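Everything on this sheet refers to the single structure shown next.
Because the structure is predicted, anything quoted here is derived from the model rather than measured. Letters A, B, ... mirror the listed sequences (proteins, then strands); counts begin at 1.
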Amino acid sequence: MAMEIVYRVKRFDGEKSYYQEYSIPYEKDRTILWGLIKIRDEIDPTLSFRSACRSAICGSCAIRVNSNALLACKTSLDKQLALYQTNILTLEPLANFPVIRDLVVDWENKFKHMTEVKPWLIGEKDCPGGTGYYRQSPDEFLEISNPTDCILCGCCVSECTQHTNLRDEFYEPFIFTKSWRFTADSRDNSPKAHLLPVLNEGGLWKCVRCQQCITKCPKGVRPADHISRLRCSSMNYGFTDNLGTRHAQAFAEYIQKTGRLNEVTLPLKTEGIFRTLKRIPFALRLLRKGKLRPLYFPSPIQGIEGIRKIYNRLRKEEKK
Amino acid sequence: MKYAFFPGCTLEGAAAENLLAIKKVTEILGIELEEIPGWSCCGATHLQDTNELLGITINARNISLAEKIGLPILTVCNTCTLMLKTAKQRLDNDDQLKTTVNKALSEANLEYHGTSGITHLLWVLLKDYGLANLKEKIVRPLKNLKTACYYGCHIIRPPETLGFEDPHNPRSLELIVEALGAKVVDYPARLDCCGFHALFPAEKAVLKMSGTHCLVAKNTGADCLVTPCPLCQMQLDMYQPDREKYLCTETKIPVLHLPQLVGLALGASPKELGLNHHIVDTKALLNKIS
Ligand code: FES
């Protein structure tokens, strides 16, 4: 008998949500989207989902399969069945979006954050020889090449750890990507206008580095890396009076000084004396269990002079 | 079987019990570890924020030290694994970057060649040592122990850097735990993030989240959590009273380092594995297996 596959679809009719199972006969070399279209065409015309290009370009078909966001048109059905070793897949709308109906989500409130980072080139730079063209070197273009690949499908939003936790206090990963795309654009006259919203409202330093965004992006865009670059950029612009900067700089200093982290002084360097005092009960707890050595200061590692020379060289080059 | 051992900073500090367990387990299994002389902190996802090239160069230095002793690197911390593997991936695919980094490394009379691989203890147990061999060494099968497996982000994501298994449905940890004789519970948070790297700037969110992971594990009926990452272990164990303030409920569940769980099955004593250094008491769990 031919194998049946089951799509267990999370449905929403505007009031209640429920799961509905659809069985379809298995066919080889199909996509997840193929199954959805088959169900809509042959079983249930009320099933709602989006798709347009069927070529991983328009970004409209993003959904979750077994709790992982993906493009339905790009994803091989065979590979999903093999990955989960099952013939039943659970299909849900992207997480962290309001749902309009079934698998269709509402993008409206994402545009607010998008507008905040001003996703357009600001100001005019001289076009050499009055050509009317903005010129970019290959290196300058490479800087913005990866963020430019974003197709706004929303896959990165669905499983973003900190956006799930903090909602509006932590922007969607693709917003950071968009911010970096313009902050780094050599033709832009006001990079800070794109950078400051992510630093102040977007929670730039609150990213947990879970790498979900990079993992889920179907186009190889790397929002978590763009977050790192935005952080670096914010420090270069002098926005250093915050916990995140102090924490990152503490690591850089420890490595330069001894080569190793010092867990005992790290909170002090990051938070300052007052907030650190609040951590005394925590420290005592660790002390009681022999997890903290308050008088242990790592001595410099073998070859520390080499590390310091590396630092000096790279810092000098950075200044250039 | 011999590796260049990269312990990572926390094994000299708040996760020292993990070092005890690793030494014991590798001794019993006959896996030889040579600590990389002069290894430095990997930068723990923070260094590259200050200077991307510095982040790569510092880890190129670590790798080149292992290359000098001619051994593949064995890591025991997820984040160290990601930092080292990120550097390696970038350097092995970009000759221009490799030249730049090697110029910087020449200041320390070192050179990155790309000859040493990087692997994690979890992967070594599964692939290099092998489940069959591991099972042969088990003297105390963890029969009654219900275990929730917690991977931690940086051993699965991003997949093109880590490359061991599909991050959407990994199996390595469950396979090891089952080989030890323990029962793996169905644990929905097994692939979630513990929040360790944003504890300072987003403390409340992080503590709530890691507390919830423990609650979910408790609700599955698990006796303990186990993780291959000392940072996840610290995040899930050390902050237990702090997070209960936010969650207004008990979240106590012992969280074991993977080598501790392996060590128990290999017959090592709880003390030898540092199980007395946990914030959430491990006695009830030990009673279950003795
Ligand atoms: S239909 Fe356009 S990206 Fe899938």
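- Comparing A/Pro267, A/Ser234, A/Pro300, A/Ala250 by how many heavy-atom pairs each has under 4.5 Å with chain B, the most go to A/Pro267.
- If you measure heavy-atom distances from B/Ile58 to chain A, the contacts under 4.5 Å come from the side chain alone.
- Residues from residues 157-165 of chain A that place a non-hydrogen atom less than 4.5 Å from a non-hydrogen atom of chain B comprise A/Thr161, A/Gln162, A/Asn165, given in numerical order.
- Shortest non-hydrogen contact noted between A/Gly306 and B/Ala108 is CA-CB, 3.6 Å.
- With a 4.5 Å cut-off on non-hydrogen atoms, B/Glu12 touches chain A through its backbone and its side chain both.
- The distance from atom CG of B/Asn62 to atom CD1 of A/Ile307, rounded to the nearest 0.5 Å, is 7.0 Å.
- Top candidate by heavy-atom pairs under 4.5 Å with chain B, chosen from A/Lys206, A/Gln85, A/Lys216, is A/Lys206.
- Contact annotation for B/Thr57: only side-chain heavy atoms (C-beta onward) come within less than 4.5 Å of a heavy atom of chain A.
- The most heavy-atom pairs under 4.5 Å with chain B, out of A/Asp225, A/Asn312, A/Leu166, A/Thr270, come from A/Thr270.
- Rounded to the nearest 0.5 angstrom, A/Asn68 CG and B/Leu191 CG are separated by 7.5 Å.
- Your options are B/Gly274, B/Pro241, B/Gly8, B/Gly195, and the one with the most heavy-atom pairs under 4.5 Å with chain A is B/Pro241.
- B/Leu65 does not touch chain A: none of its heavy atoms, backbone or side chain, sits under 4.5 Å away.
- The contact between A/Ile310 and chain B is made by backbone and side chain atoms together, counting heavy-atom distances below 4.5 Å.
- Proximity to chain A at a heavy-atom threshold of 4.5 Å picks out B/Cys153, B/His154, B/Arg157 from residues 149-157 of chain B, in numerical order.
- Contacts of B/Glu203 with chain A are made by side-chain atoms alone, with heavy-atom separations under 4.5 Å and no backbone atom involved.
- Looking at B/Pro201 and A/His247, their side chains never come closer than 4.5 Å, going by heavy atoms from C-beta outward.
- If you measure heavy-atom distances from B/Ala205 to chain A, the contacts under 4.5 Å come from both the backbone and the side chain.
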Go through A/Phe251 and B/Asp49 one step at a time and tell me if the side chain to side chain contact (heavy atoms under 4.5 Å, CB included) criterion holds.
-> CA-CA 10 Å; A/Phe251 275 87; B/Asp49 291 351; over 6 Å; no
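- For A/Arg288, no part lies under 4.5 angstrom from a heavy atom of chain B.
- The closest donor-acceptor contact from the side chain of A/Glu263 to the backbone of B/Ala14 lies under 3.5 Å.
- The minimum heavy-atom distance linking B/Trp39 with A/Arg260 is given by the pair O-NH2, 2.8 Å.
- The side-chain heavy atoms of A/Thr245 and B/Thr50, taken from C-beta on, include no pair separated by under 4.5 Å.
- Smallest separation of non-hydrogen atoms from A/Arg275 and B/Phe200: NH2-O, 4.3 Å.
- Contact of B/Thr79 with chain A is not made at all, since no heavy-atom distance falls under 4.5 Å.
- For A/Cys213, no part sits under 4.5 Å from any heavy atom of chain B, backbone or side chain.
- Of the listed residues B/Lys208, B/Glu52, B/Met238, the one with more heavy-atom pairs under 4.5 angstrom with chain A than any other is B/Met238.
- Contact of A/Arg229 with chain B is made through the side chain alone, with heavy-atom distances under 4.5 Å.
- Counting heavy-atom pairs closer than 4.5 Å to chain B, the top residue among A/Arg285, A/Gln302, A/Glu169 is A/Arg285.
- Interface summary for chain A: among B/Glu17, B/Lys204, B/Met234, the most heavy-atom pairs under 4.5 angstrom belong to B/Glu17.
- At a heavy-atom cut-off of under 4.5 Å, chain A is reached by B/Lys103, B/Ala104, B/Leu105 from residues 93-105 of chain B, listed in order of number.
- With a threshold of 4.5 angstrom between heavy atoms, B/Phe196 does not approach chain A through any atom at all.
- Note on B/Glu107 versus A/Arg308: no salt bridge recorded, every NZ/NE/NH1/NH2 to OD/OE distance being 4.0 Å or above.
- Rounded to the nearest 0.5 Å, atoms CD (A/Gln249) and NE2 (B/His46) are 12.5 Å apart.
- Minimum heavy-atom separation, A/Val208 to B/Cys193: CG2-SG, 3.7 Å.
- Within the 4.5 angstrom heavy-atom criterion, no atom of B/Asn109 approaches chain A.
- When A/Asn66, A/Ile227, A/Leu83 are compared by the number of non-hydrogen pairs under 4.5 Å with chain B, A/Leu83 comes out ahead.
- Formation of a donor-acceptor pair under 3.5 Å by the B/His277 side chain with backbone atoms of A/Lys289 is found in this model.
- Residues A/Gln211 and B/Leu82 meet the side-chain proximity criterion, which asks for heavy atoms closer than 4.5 Å.
- Rounded to the nearest 0.5 Å, atoms CG (B/Asp166) and NZ (A/Lys79) are 10.5 Å apart.
- Between B/Arg61 and A/Gly303, the shortest heavy-atom distance links the atoms NH2-O, 3.9 Å.
- Counting heavy-atom pairs closer than 4.5 Å to chain A, the top residue among B/Glu160, B/His197, B/Arg171, B/His168 is B/His168.
- Identified by a heavy-atom distance below 4.5 Å to chain B, the contributing residues of residues 252-259 of chain A are A/Ala252, A/Ile255, A/Gly259, in residue-number order.
- Among A/Leu261, A/Thr215, A/Leu243, the residue making the largest number of heavy-atom pairs under 4.5 Å with chain B is A/Thr215.
- Minimum interatomic distance between A/Ile301 and B/Gly38 (heavy atoms only, all atoms of both residues): CD1-O, 3.3 Å.
- For A/Ile214, the part sitting under 4.5 Å from any heavy atom of chain B is the side chain, from C-beta outward, and nothing else.
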